[in-house]
Amino acid sequence: MDVSDLINGLNDAQRDAVCAPLSNQLVLAGAGSGKTRVLVHRIAWLMRVEQLGPHQVLAVTFTNKAAREMRERLGQLLDRGDATLRTMWVGTFHGLAHRLLRSHWREANLPQNFQILDSDDQLRLIKRIYQELSIDDSRWPQRQAQWFINGHKDEGRRAAHVQDDFDPFNKVMKSVYLAYEAACERGGMVDFAELLLRSHELWLKQPQLLAHYQQRFRCILVDEFQDTNAIQYAWLRVLAGQQCSVAVVGDDDQSIYGWRGAKIENIHRFQEDFKPVNVTRLEQNYRSTSTILKAANAVIEHNGDRLGKTLWTDGAEGEAIDLYAAFNEQDEARYAVDQVQRWIRDGNGASDMALLYRSNAQSRVLEEAFIRADVPYRIYGGQRFYERLEIKNALAYLRLISNRNDDNAFERVVNTPTRGIGNKTLETLRVFAREQGYSLFEASVGALANNVFTARAANALKGFLTLLDSLEDAVQDMDLAACCAHVVEHSGLLAFHEAEKGERGQARVENLQELVGACRAFEPDDEDTPVLDAFLDRAALDAGDAQADDYEEAVQMMTLHSAKGLEFPFVILCGMEENLFPHRMSAEEPGRLEEERRLCYVGITRAMQKLVLTYAENRRVYGKESFNAPSRFIREIPAGLVHEVRMKAAVQRPATYLAQDDAPNEFGIQLGQMVRHHVFGEGVVLNIEGRGAATRVQVNFANEGSKWIMLQYAKLEPV
DNA sequence: AAGGCAAATGTTTTT
DNA sequence: CATTTGCCTT
């Protein structure tokens with residue numbers, strides 16, 4: 001058997017991972033070490049050498065984009081028709097769980113036409129529950145309830161399992177969770193976390209069903225394993241059972257979604273729970289210069305509790321890392337533009353360059369500078385296609401055609417465009433629906449029959465119901481795209497947004513037209529579901545790219561989070577300042593600070609040839625001036641790798657920032673040190689700012705939390 | 001019920 | 001600074 005195409009060009013570690021006998025595997029894959037390649041080749045190997053059929057392999061990724069990419073690369077490597085790939089389960093955890101629930105809705109106790117709630121729908125539902133329960137949202141913000149519910153679901157806990165202690169917050173949140181659960185049950189609605197929770201429970205309750213899938217899958221492969229949360233891990237473990245081999249690929253140093261419930265510990269647990277585990281480390285980096293790698297290694301070294309991995313390359317040393325201290329954020333943007341222009345002038349492609357930043361808010365100034373300089377750019381992130389207001393409204397009409405009892409959709413468009421159905425009418429409907437156990441649609445029919453409303457309200461509502469009837473009638477024999485076009489037009493949405501003044505209205509009209517285009521291009525991957533429902537599912541599960549396809553040569557601008565998994569010859573990391581990066585909200589807690597550091601590691605390792613760091617000494621944040629020290633991450637890079645760029649303006653500045661680094665100050669206090677304060681007790685030094693009499697340190701006290709201390713007043717003793 | 005004005009409020013993002 | 005939310009007026 002010829003397997004040369006599978007192993008040619010792989011290094012020893014990669015080859016070990018690809019050619020290992022069928023067994024549980026942990027591949028610790030550093031940034032740029034050829035992780036995806038190994039994964040794809042491993043699947044091909046299993047199919048060719050271990051003779052696994054495509055239906056016996058399950059591959060899980062985190063994003064739809066990654067799933068698409070894997071499918072594509074597999075297709076190239078396997079050189080088999082589309083049909084083969086279609087029988088293979090490749091997808092996100094959520095996508096796979098959804099597929100499962102669609103096939104086994106009965107066993108999962110769901111109505112056949114259950115709907116997926118995205119986070120926007122979820123928040124709306126929670127708001128309605130707040131009204132029903134008369135909960136004060138200024139005391140208990142609704143976003144917190146959403147966070148609470150999702151957090152517990154991600155940990156596999158239903159409302160009934162939530163500890164009912166005497167904490168008032170917990171009590172209120174639990175009551176919301178309970179009501180939320182009931183509302184979802186009543187309306188046949190399933191949120192993202194529920195997809196996993198529900199399918200996990202499905203297996204526990206239906207052993208014969210579980211056995212079926214356990215027999216089917218011989219090997220499960222998981223990408224980005226460091227980003228799995230508790231329920232995903234449990235899901236995996238149950239499905240794998242005793243027979244199935246599980247291969248996971250991940251990098252603990254690139255875990256940047258802890259705030260969303262991801263558990264790095266899953267990597268440790270895996271080695272226990274799935275014993276024996278064949279561990280491979282991919283440490284050879286094919287992406288970056290050794291200078292960049294040294295910087296990345298030095299930064300990440302400051303984190304404790306790592307599995308330990310050191311990237312190396314046999315490639316060139318490359319250029320030093322430039323560090324630019326900008327006068328303010330405008331100057332920083334100007335410098336970035338200069339760099340880009342020079343890069344392009346030197347004959348490089350604009351799309352080979354990326355500007356990375358910690359938070360989306362930073363993109364605005366950069367964007368303006370690029371517009372002014374007439375340099376093409378592309379911003380990732382922001383609102384995604386299927387999450388746009390006008391698109392969600394159009395989808396709501398489509399949903400109502402599919403299922404009139406979808407209360408979420410009903411609430412959304414009953415008065416959009418405005419047709420005289422206001423809050424009062426709606427509130428009457430809600431109460432009536434709740435009392436009778438009706439959906440809002442049923443309640444409307446009932447209320448009209450009973451003459452509950454004034455003539456004006458009744459007419460308006462009747463108008464809406466008639467509209468739904470006529471839409472459904474007209475659309476009967478149309479294909480998806482025609483149906484969508486008809487609905488967009490006759491619902492009045494198109495005219496509504498055309499009447500909107502300014503660019504915004506026009507953009508919305510264009511988006512609606514694009515939605516029709518998306519319908520035309522839609523290829524269902526599930527023949528059993530009606531095409532409209534399949535499309536709605538896809539829209540919920542894959543919110544689409546943030547920006548429509550703009551594939552011109554343009555500089556890429558995005559947050560560090562969205563940059564994960566990408567690489568660029570030239571990277572500029574902007575806003576390297578304390579309070580911004582590491583973010584102020586994360587600097588207090590050691591665990592979250594380490595996550596910020598991993599984010600920095602991710603940022604540095606995106607760069608292939610050239611890396612530039614910039615920070616602004618003075619930055620306008622929300623209209624206010626703020627002065628921030630250079631990020632501690634800059635100081636963590638060995639000075640020998642860094643080249644300080646002088647400011648263009650003739651402002652003389654002492655290049656002293658590097659001096660204030662790890663050298664103990666005159667008080668003998670260092671970062672990370674354990675200290676005792678005569679009042680607050682013991683704590684760890686998180687941060688040091690200023691020098692001489694102005695030196696302040698931030699200490700996280702065991703009992704008092706974190707505080708800023710002026711060293712000249714309060715003596716801190718090293719412990 | 002709808003439109004206008006003042007006040008509040010700002011991480012990171014996928015599914 | 002810019003956008004969303006809430007209250008108030010027509």
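A note on names: the letters A, B, ... follow the listed sequences, proteins ahead of strands, and every chain is numbered from 1.
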ask   = For A/E72, what residues pass the salt bridge (charged side-chain N to carboxylate O under 4.0 Å, His left out) criterion, not counting sequence neighbours?
value = none
key: Set of salt bridge (charged side-chain N to carboxylate O under 4.0 Å, His left out) partners for A/D118, sequence neighbours left out   = A/K392
B/S/- contact track for nucleotides 10-15 of chain B, protein heavy atom under 4.0 Å = BBBBBB
note = Applied to residues 135-145 of chain A, the salt bridge (Lys or Arg N to Asp or Glu O under 4.0 Å) test, sequence neighbours excluded, yields none
query = Among pairs that include at least one residue of residues 254-263 of chain A, which meet salt bridge (Lys or Arg N to Asp or Glu O under 4.0 Å), considering only residues two or more places apart or in two chains?
reply = A/E155-A/K263
note = With a 4.0 Å cut-off (strictly under) to non-hydrogen atoms of chain A, the first and last hit nts on DNA chain C, 5' to 3', are C/dC1 to C/dT3
message = With the 90 degree cut-off around zero defining syn, does B/dT11 come out syn or anti?
response = syn
query = Using a cut-off of 4.0 Å on non-hydrogen atoms, how would the nucleic acid contact of A/N415 be classed: base, sugar-phosphate, or nothing?
reply = sugar-phosphate
ask   = Reckon A/K624 touches a base, only the sugar-phosphate, or nothing at all at heavy-atom distances under 4.0 Å?
value = nothing
task = May I ask you to evaluate whether A/N423 reaches the phosphate of B/dA2, defined as a side-chain N or O under 4.0 Å from OP1 or OP2?
result = no
request  = For A/A447, check side-chain contact (heavy atoms from CB on, under 4.5 Å) against everything at least two apart and list the hits.
outcome  = A/L429, A/F432, A/V452, A/F453
task = Under the salt bridge (charged side-chain N to carboxylate O under 4.0 Å, His left out) rule, collect the residues that match up with A/E567, sequence neighbours excluded.
result = A/R287
Salt bridge (charged side-chain N to carboxylate O under 4.0 Å, His left out) involving A/R538 - partner list, sequence neighbours excluded = A/D525
request  = May I ask you to test the A/D191-A/Y180 pair for a side-chain heavy-atom distance under 4.5 Å?
outcome  = yes
task = Considering only atom P, compute the distance from B/dT12 to C/dT5 and round it to an integer number of Å.
result = 16 Å
